[in-house]
Amino acid sequence: MALTGRTALIAALGALIAGLLPGWAGIAVVGLPLLAAIGYDLLRAAPVRTLRLSRPATQSIRLGETADVELTVTNPSGRDLRADLRDAWPPSSWQPGAAYAASRHHLTVPAGERRRVTTVLRPTRRGDRQAVRVTVRSHGPLGLAARQGSHHVPGTVRVLPPFSSRKHLPSKLARLRELDGRTSVLLRGEGTEFDSLRDYVPGDDIRSIDWRATARQSAVAVRTWRPERDRHLLLVLDTGRTSAGRVGDIPRLDAAMDATLLLTALAAHAGDRVDLLAFDRRTRASVRGRTGKDVLPAVVQALAPLEPALIESDMNALATAARAGAPRRSLIVLFTSLDTAPVEMGLLPVLPQLTQRHTVLVAAVADPRIEEMRTARGTAPAVYEAAAAAQHEAERHRTKARLAQLGVTVVEAPPADLPPAVADAYLALKAAGRL
């Protein structure tokens, strides 16, 4: 049972009146009627335990969007329900300061009927948000007393990665159409597939002239080529401790996810097969065997609940898992950090296992703050920062050089620039016939 603010006000007035009357008369005149009114109000309040509450089990939104979560309240009792309801979710389900107003509702449900209330969520983090509890306070007709209880009503809102790099997809697809021979530009690359014959025009590479076909006709014929289709890409996300580092406002892992989604969409349009592996010391997420339009939704769903693990990644186990996921020649895109210690002690020793058979591309998130520090001058702290940034850059250049010696393509860019940079590297490898 819960007493309301109205009850407290009436009790205070009653105490004032009782104080003016002699002896027990004041209590009898004021207290007994008030207790009787509270008892009546409590008796007429609709029961809370018998309420039936339900909601959709799951729904999905992208980070930055709002989710309208409907809750159905059914009142099977013979009394009208006048209630205040709180639909509680984790704090990250709302913008700061918005939880109180968004989670509370007032509703009236006549006896034997049902009503819906809608809670608007705006999550601030990616992943699964689980409903906590629904608390209902059922008021009596006089508003003096109320019944209160809680129900556990399961519900999940999956917050998907925002895929901010989607805006780059049209320009990358235009470049892909050029490589694919859907426009007048046709490129010749090692390992590309023969497409067709056409007449020679000034400016064509003479190495593309088909002399046998030319001998059979009056005009010079040249061969046109298109990049191979049905190549295999394995996208590997290192989810170890270095992926938890924040660059600006986002973790490195989230920037890698954005690049993964753009590359997945581009490769699917190119007719290539894409698999996903998220790994640190064990497999955290995996997508295999999806093709065409199914692969991007599968990758999005697999990435949504993924979080960095605050442990050192086992690069030897990661390489073993990557080889198992790429049984034939593939392009392996590894999203990891280029920090000197993890690369030298973990990545460099295992890379020959991958480069021996596969084409390897290492993608890393660069911190724009380093460039700001490198150009800072004017004060003693700024000079020290510039020296630290210059040392950091020198170490990165040495690391990149060692990776290049192993035949690895290295892409490093700030979070917003990483997705298009990785897509460009993929297209360049495809044009050169290196997939």
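In this structure, A267 and L233 approach most closely via the heavy-atom pair CB-CD2, 3.9 Å.
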Enumerate, atom names and distances included, each donor-acceptor pair closer than 3.5 Å involving a side-chain atom of residues 404-420, sequence neighbours excluded.
from : atom 1 : to   : atom 2 : distance (Å)
E412 : OE1    : K400 : NZ     : 2.8
E412 : OE2    : R396 : NE     : 3.0
E412 : OE2    : R396 : NH2    : 2.3

Would you give me the side-chain donor-acceptor pairs under 3.5 Å for residues 357-366, sequence neighbours excluded?
from : atom 1 : to   : atom 2 : distance (Å)
R357 : NH1    : P327 : O      : 3.0
R357 : NH2    : P327 : O      : 2.5
H358 : ND1    : R328 : O      : 3.4
H358 : ND1    : S330 : N      : 3.1
H358 : NE2    : A326 : O      : 3.3
T359 : OG1    : R329 : NH2    : 2.9
T359 : OG1    : R434 : O      : 2.8

(Q) Using the rule given for side-chain contact (heavy atoms from CB on, under 4.5 Å), can you reason through V120 versus W94, listing the C-alpha separation, both sets of side-chain angles and the distance that settles it, and then say yes or no? (A) CA-CA 8 Å; V120 181; W94 291 281; 5.8 Å; no
Q: For the pair K430 and L331, evaluate side-chain contact (heavy atoms from CB on, under 4.5 Å) and give the outcome as yes or no after the intermediate values.
A: CA-CA 10 Å; K430 196 172 186 65; L331 171 62; over 6 Å; no
Q: List the steps, then state whether side-chain contact (heavy atoms from CB on, under 4.5 Å) holds for L160 with Q301.
A: CA-CA 7 Å; L160 307 176; Q301 291 292 335; 3.9 Å; yes
Q.
For a salt bridge (charged side-chain N to carboxylate O under 4.0 Å, His left out) check, start with the C-alpha distance between R104 and D84, then their side-chain angles and the critical distance, and finish with the verdict.
A. CA-CA 7 Å; R104 285 161 170 78; D84 292 318; over 6 Å; no
Q: Please assess Q130 against V157 for the test side-chain contact (heavy atoms from CB on, under 4.5 Å), listing each intermediate value before the final yes or no.
A: CA-CA 7 Å; Q130 307 281 350; V157 173; over 6 Å; no
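Pairs passing the side-chain hydrogen bond (donor to acceptor under 3.5 Å, both in side chains) check and including a residue from residues 55-67, sequence neighbours excluded, read R55-D87. Among pairs with a residue in residues 110-124, those fulfilling salt bridge (Lys or Arg N to Asp or Glu O under 4.0 Å) read E70-R116, E113-R115, at least two apart in sequence or across chains.
Under a 3.5 Å cut-off, the side chain of T283 and the backbone N or O of F279 do not form any donor-acceptor pair. For R126 (side chain) and A304 (main-chain N/O), a donor-acceptor pair under 3.5 Å exists by modelled atom type. With hydrogens and angles ignored, the 3.5 Å screen pairs no side-chain donor or acceptor of D275 with any backbone N or O of L234. Checking side-chain atoms of D258 against main-chain N and O of S164 turns up a donor-acceptor pair under 3.5 Å. A donor-acceptor pair is defined here as one N or O able to donate and one able to accept, closer than 3.5 Å; such a pair exists between the side chain of R79 and the backbone of A45. No donor-acceptor distance shorter than 3.5 angstrom exists from the side chain of D367 to the backbone of V247, with no hydrogens or angles considered. A distance-only check finds a donor-acceptor pair linking the side chain of H151 to the backbone of V48 [under 3.5 Å]. With S103 contributing its side chain and A99 its backbone, the two residues share a donor-acceptor pair below 3.5 Å.
Residues L351 and L403 form a side-chain contact, since some pair of their non-hydrogen atoms from C-beta on lies under 4.5 Å apart. In this structure, R82 and S138 have side chains that are not in contact, with every pair of non-hydrogen atoms separated by 4.5 Å or more. At a threshold of 4.5 Å between non-hydrogen side-chain atoms, the residues E344 and R402 count as touching. Annotation: side chain of I370 is in contact with side chain of E393 (closest heavy-atom distance under 4.5 Å). Contact of the P251 side chain with the D254 side chain is registered, since non-hydrogen atoms from C-beta on lie closer than 4.5 Å. In this structure, P342 and E312 have side chains that are in contact, with non-hydrogen atoms separated by less than 4.5 Å.
Remark: T239 pairs with D280 by the side chain to side chain donor-acceptor pair (under 3.5 Å) rule, at least two apart or across chains. Partners of A268 according to the side chain to side chain contact (heavy atoms under 4.5 Å, CB included) rule, which considers only residues two or more places apart in sequence or in another chain, are V295.
Between the side chains of S243 and D238, no donor-acceptor pair of N or O atoms lies under 3.5 Å. Between the side chains of H105 and T119, at least one donor N or O lies within less than 3.5 Å of an accepting N or O. Using modelled atom types, one finds no donor on one side chain facing an acceptor on the other under 3.5 Å when comparing R252 with S337. Side chain to side chain, T124 and S92 fail the donor-acceptor criterion of an N or O pair below 3.5 Å.
Between D314 and R282 there is no salt bridge, since none of the side-chain N atoms of the basic residue sits less than 4.0 Å from a carboxylate O of the acidic one. Ion pair R231/D272 not flagged as a salt bridge, since none of the NZ, NE, NH1 or NH2 atoms sits closer than 4.0 Å to an Asp/Glu carboxylate oxygen.
Residue D339 holds its CG atom at 8.5 Å from OG1 of T399, rounded to the nearest 0.5 Å. Summarising the geometry, atom NE2 belonging to H139 is positioned 6.0 Å from atom CZ belonging to R137; distances are rounded to the nearest 0.5 Å. Taken to the nearest 0.5 Å, the CZ atom of R288 stands 9.5 Å off from the CZ atom of R273. Remark: R369 CZ to H392 NE2 distance equals 12.5 Å, nearest 0.5 Å. The distance from the CG atom of L173 to the CD atom of E178 is 11.5 Å, given to the nearest 0.5 Å.
More than 12 heavy atoms of other residues, nucleotides or ligands lie within 6.0 Å of CG in D68, so this atom counts as buried by the packing criterion. Within a 6.0 Å sphere centred on CZ of R133, other residues, nucleotides and ligands contribute 12 heavy atoms or fewer. Surrounding CD of Q356 are at most 12 heavy atoms belonging to other residues, nucleotides or ligands under 6.0 Å away.
Considering N75, L51, T74 in turn, N75 is the only one that fulfils the side chain to side chain contact (heavy atoms under 4.5 Å, CB included) rule with V109. Checked options V333, L237, V300, V422; the residue passing with T260 is L237 (criterion: side chain to side chain contact (heavy atoms under 4.5 Å, CB included)).
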